[in-house]
Each structure stands twice: as structure tokens, then as C-alpha cells.
Number of protein chains: 2
Amino acid sequence: MKVLVVDDETTILETVETKLRKEGFSVFTAESAEDGMRIYKQAKPDLLILDVMLPNRSGMDLCRAIRRDSKVPIIFLTAKASEQDRIQGFEMGADDYVVKPFNLSELAARVKAVLRRSTGDPSKDLIESGNLRIDPKTHDATLEGKTLSLSPKEFALLYFLGRNSGQVFSRDTLLDRVWGPESYVSARTVDVHIRWLRERIEIDPSHPVRLVTVRGVGYKFVS
Amino acid sequence: MKVLVVDDETTILETVETKLRKEGFSVFTAESAEDGMRIYKQAKPDLLILDVMLPNRSGMDLCRAIRRDSKVPIIFLTAKASEQDRIQGFEMGADDYVVKPFNLSELAARVKAVLRRSTGDPSKDLIESGNLRIDPKTHDATLEGKTLSLSPKEFALLYFLGRNSGQVFSRDTLLDRVWGPESYVSARTVDVHIRWLRERIEIDPSHPVRLVTVRGVGYKFVS
DNA sequence: ATATTGCTTAACAGAACGTTAACGACCCAC
DNA sequence: GTGGGTCGTTAACGTTCTGTTAAGCAATAT
């Protein structure tokens with residue numbers, strides 16, 4: 001999930017950025033409304049955090065401009081939170097308010113809450129391939145109706161490969177995308193998880209037809 | 001369709017009124033519970049939007065008074081809304097909740113949703129799954145007809161999970177949605193409440209089939 | 001043939017979860 | 001007030017499960 005933070009105070013920008021990165025977001029920053037608009041157009045973030053008070057054009061103006069062609073969730077940062085400001089913010093389509101000075105964890109929590117509300121979790125789609133179903137909402141994977149009890153990693157790996165069906169991924173890429181960019185584990189680990197998955201979803205694990213090895217490259221999921 | 005909005009903050013009243021007019025509703029407004037009651041009797045609106053906190057008589061009182069002789073749909077506006085507040089509202093006959101600060105489009109969407117629902121089947125708040133019934137209106141949960149005496153938190157948690165049956169929720173999400181967005185309690189607290197619930201609704205609490213653990217993710221309710 | 005790449009297994013360490021008990025806050029009856 | 005009870009939270013400990021690694025074996029390409 002991409003978040004764009006716009007604030008003219010560098011220190012705030014940095015602390016917020018650090019916190020949100022820790023929480024797993026891709027963070028973009030801008031120190032002015034103009035930069036904010038430009039980066040917004042390029043990065044297409046899933047959520048904006050805007051300071052209300054910005055030089056030249058205020059955050060409110062930026063909000064208005066963005067609202068003209070998008071429903072992206074917006075959280076306002078504001079020093080004073082008089083009721084008047086709040087109303088003005090909602091009129092323009094803000095989804096939440098955080099008052100400075102704010103608690104970093106609270107901000108992170110609100111970001112998540114807003115994203116949850118606004119997306120309604122539509123990003124988590126059901127995957128179906130033949131008699132195999134992978135449902136991230138219920139965290140269930142079923143084969144011919146029978147539930148496969150997968151471990152968290154197994155599920156994550158299968159879901160990722162299923163979502164990008166047909167495409168080959170190297171072990172390193174899989175580690176990056178499934179395990180996460182910060183994980184330092186051996187590439188062999190992927191082999192083991194693939195093995196376990198095959199045991200569950202392949203008719204004959206030693207002759208896989210779904211989780212296929214591409215020698216010298218990696219693995220892919222075929223329908 | 002006629003809508004009556006009761007709130008003591010003029011700015012909110014105005015923005016909501018503008019938005020709903022744009023959406024094609026006839027809007028009436030009142031700034032106090034007394035005015036609200038009077039206008040309600042005159043205008044006979046098809047839906048009410050009530051602020052929970054009003055001077056003198058609270059919105060809740062007004063709701064109760066109106067419910068005595070009418071089944072008109074009511075949406076509450078509230079500053080903070082945990083699942084407990086929500087249930088309290090349902091007990092008094094509220095049809096939906098909108099949390100301040102709210103997004104105007106969201107409010108409009110809910111107004112339409114409630115109206116759509118109210119013209120159709122009425123009691124959709126009740127949850128039934130097998131021999132388990134959960135009724136927020138009476139705050140009763142029964143298993144095979146026998147009443148389980150659940151504590152408020154237990155009930156709120158069970159009701160939330162039951163309402164979103166099948167879907168997995170992380171402990172953090174549960175804290176946010178059931179405990180409320182402002183609560184800062186340890187995630188393990190959820191475990192304990194789940195444990196207590198299992199003791200009541202599971203045949204064998206150590207092998208749960210209704211309140212299921214999804215390792216690495218959280219919990220879900222299965223029918 | 002031999003080097004490279006992938007497969008398989010088992011063992012270990014640590015994380016996640018379950019469970020219990022204790023504590024304090026709160027409410028209600030007296 | 002005062003005492004008893006309930007409820008929610010936390011901490012601590014035990015248990016189960018999962019992820020990772022290593023090491024040897026099998027398969028494949030050059």
C-alpha cells in the first residue's frame with residue numbers, strides 16, 4: 001500500500017515516513033502542495049496524509065484539486081482542530097483528522113482503519129483455478145471442496161503464485177514478494193515450501209502439474 | 001423521500017443537508033431533541049439521522065421516544081463507535097451507525113442502504129448459525145434455546161465475528177472494530193475473550209469448530 | 001562424465017497460541 | 001460509605017506448530 005505524505009516540516013515528514021515504513025507501507029513524501037500534486041500523479045498512492053497548513057496553496061486546496069478526479073482516502077494533519085476546520089475538511093471529502101502533536105502509533109492505526117474502510121477489502125480477491133480455490137478473506141484453500149490446512153507461509157506463497165498465474169518467479173523474487181524485502185533467508189527455503197505445497201495440491205507430488213519448476217529460473221503456477 | 005437530521009452543530013447540519021438535497025432527498029433539520037420531535041410529528045420523515053449527543057435530552061432518548069410509536073429507520077451519528085456502542089444503538093432500534101468524522105458520500109450511501117433495507121425484510125440484525133442465535137436487539141445469545149450469559153465484551157466480539165461469518169480478522173482489527181479505535185490494549189486480550197467464548201459455544205473448547213484460530217492471522221467464525 | 005540445479009528429509013529454534021490466575025476498576029445493593 | 005460481585009486486562013508459563021537450515025540424493029544439461 002502506497003502512502004503519500006505532504007508536510008512542509010521536514011522533521012514531521014521523516015518521523016512519519018519511518019513509522020509507516022516500519023508498518024509495511026511504501027511511503028512517498030512531498031514538502032509542498034505543488035510537489036504533492038506532482039508525486040500524486042506519478043505514484044498514484046492509495047492514501048494521502050495532508051498537512052492543512054502549507055505555504056502558497058494550502059493542503060485544503062490540494063485536497064480539493066485531487067478530489068476532482070479521485071476518491072483516494074485523505075487524512076488531514078492539523079495543528080488546531082476546531083470544529084470549523086473539521087467540517088471544512090469533511091466537506092472536501094477528508095476521511096479522517098489527526099491533530100498535531102499526534103501519536104505516531106495512533107496515526108498508523110488511523111491510516112490502517114481508513115484504508116480498511118475505504119477499500120472494504122476488495123483487494124483480496126478469490127482465486128479459482130480448476131478445482132482449486134484460494135480465498136484470502138476466509139484464509140481458506142480448498143481442493144475439490146476439501147479444505148487444505150496450509151500454514152501461513154504456505155498460504156501466502158500459494159496465493160501469490162496463484163494470483164500471478166503462469167508467470168515464472170525466481171526464488172529471490174519470491175523471497176522478496178512473499179517473505180518480504182527485509183527477510184534474509186536462504187533461497188533453499190522456497191524449495192521446501194514448494195515441496196510442502198505440492199504434497200497438498202498435486203495428485204502426484206513427484207510429477208507436478210500446478211506448481212511447476214522452471215529449471216534455472218524458478219517456479220510458476222499453471223492453471 | 002423525506003429525511004430529518006437532528007444535530008446541535010449548525011455546520012454539520014448544513015453540510016449534511018446540502019449533500020442529501022443533492023442526492024434527491026427532502027431534508028428537514030432540527031438543532032435540538034425538542035425541535036426534532038416536533039418536526040418529526042409534522043413532517044413524518046422516512047428516515048432520521050440523529051446525533052447521539054444532544055443538549056438536554058440526548059439523541060438516544062429521542063430515539064427511544066420515537067420508537068414507541070414508529071418503526072421509522074434511524075441512523076446515529078456518533079463521535080466514537082466501538083461494537084459495544086453499536087449494539088447499544090441496535091438495542092434501541094437504530095438501523096445504522098456513522099462515526100464522526102464521517103465522509104459525506106459514505107453517509108449518503110448508508111442512508112440509501114438503510115432505506116432499501118427497511119422497505120424489504122426488517123429483522124436482519126439477528127444472527128443465526130446452526131443452533132446458535134445472536135440477537136443484538138435483546139442482547140441475548142442462545143445455544144439450543146438455552147441462554148448463554150455473555151459479558152458485554154464477549155457479546156460484542158461474538159456478534160461482530162458472527163456478522164462477518166467466515167472472514168478472518170487479525171487481533172488488531174478486532175481491537176479496532178470491537179473494542180473501538182481509541183483503545184490501546186494488548187492484542188492478547190482478544191485471546192482471552194475468545195477462550196471464554198469457546199467455553200460457552202463450543203462442544204469441546206479445546207477443539208473449536210465455530211471460533212476457529214487461523215494461525216499467523218487471527219480468528220474467524222464458521223457456520 | 002561431471003557440474004549444476006533441484007528435491008527430499010529430519011532436526012532444531014523460535015514464534016504463535018492456549019490457558020490460568022491475579023489484579024484493579026467498576027457497579028450495585030445494603 | 002462498604003462489601004461483594006462482575007468484568008476486562010495483563011502477565012506468566014506451557015504447549016503446539018511453523019520456518020529455516022543443512023546435508024545427502026536425484027535429475028538434468030553440457
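Any value given below was found using the heavy atoms of this structure, including those in side chains, with hydrogens, waters and symmetry copies removed. The shown structure was predicted, so the numbers you read here are calculated from the model rather than taken from an experiment. Order of the sequence lines fixes the chain letters, A, B, ..., with proteins taken first and strands second; residue numbering starts at 1 for each chain.
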Considering only heavy side-chain atoms of A:V192, the closest of D:dG19, C:dT8, C:dG18 is C:dT8
Pair B:D95 + B:R67: basic N to acidic O under 4.0 Å | yes
Atom-to-atom span, CG of A:L197 to P of C:dG6 - whole angstrom = 17 Å
If you take all heavy atoms of B:V212 and B:V222, which pair is closest and at what distance?
-> CG2-CG2, 3.7 Å
Starting from P on D:dT21, measure out to CH2 on A:W196 and report it in whole angstrom.
-> 12 Å
Rounded distance (Å) that lies between atom C1' of D:dT9 and atom CD of B:E154 | 13 Å
Would a line drawn from the ring center of A:F221 to the ring center of A:F160 be shorter than 6.0 Å?
-> no
Shortest side-chain distance from B:T189, nucleotide among D:dT10, C:dT8, D:dG8 | D:dT10
Whole angstrom is fine here: how far is it from CG in A:L175 over to C1' in D:dG19?
-> 12 Å
To the nearest Å, give me how far apart CD (A:E199) and P (C:dT9) are.
-> 7 Å
Which nucleotide in the set C:dT19, C:dG6, C:dT9 lies at the smallest distance from any side-chain heavy atom of A:D191?
-> C:dG6
Under a 4.0 Å heavy-atom cutoff, the residues of residues 207-222 of chain B touching DNA chain D are B:R215
Kindly confirm or rule out a cation-pi arrangement of B:K153 over B:F155, judged by NZ or CZ under 6.0 Å from the six-membered ring centre and within 45° of its axis?
-> no
Taking atom types as modelled and ignoring hydrogens, do the side chains of A:D204 and A:S206 form a donor-acceptor contact shorter than 3.5 angstrom?
-> yes
Using the C1' atoms of five pairs at each end, what's the angle between the two axes of the helix from C:dA1-D:dT30 to C:dC30-D:dG1, to 10 degrees?
-> 30°
Is a side-chain donor-acceptor pair under 3.5 Å present for B:R38 with B:S32?
-> no
Just how far, in rounded Å, is C1' of D:dT20 from CG of A:L174?
-> 16 Å
What is the distance from CD of A:E202 to P of C:dC7, rounded to the nearest Å?
-> 11 Å
Please tell me which of the listed nucleotides, D:dG8, C:dT9, D:dT18, lies nearest to the side chain of A:S151?
-> D:dT18
In whole angstrom, give the distance that lies between atom NZ of B:K153 and atom C1' of C:dC26.
-> 13 Å
On DNA chain D, nearest-nucleotide positions of B:S183 versus A:L150: which is more 5'?
-> B:S183
Give a yes or no on whether a salt bridge exists between A:R210 and A:E202, defined as a side-chain N under 4.0 angstrom from a carboxylate O.
-> no
Between B:T213 and B:R198: side-chain donor-acceptor atoms closer than 3.5 Å | yes
Taking only the side-chain heavy atoms of B:R188 (C-beta and beyond), determine which of C:dT8, D:dT21, C:dG18 contains the nearest atom.
-> C:dG18
No-hydrogen, no-angle side-chain donor-acceptor test under 3.5 Å, B:S223 and B:S165 = yes
With the side chain defined as heavy atoms from C-beta on, A:R171 is closest, among D:dT20, C:dC7, D:dG8, to C:dC7
Report yes if a side-chain nitrogen or oxygen of A:H193 is closer than 4.0 Å to either non-bridging phosphate oxygen (OP1 or OP2) of D:dT18; otherwise report no.
-> no
Could you please name the option among D:dG8, C:dT19, D:dT10 that lies closest to any side-chain atom of B:R195?
-> C:dT19
Just by distance, with hydrogens left out, do A:D172 and A:S170 show a side-chain donor and acceptor under 3.5 Å apart?
-> no
Look at the side-chain N and O atoms of A:W179 and state whether any lies under 4.0 Å from the OP1 or OP2 oxygen of D:dG19.
-> no
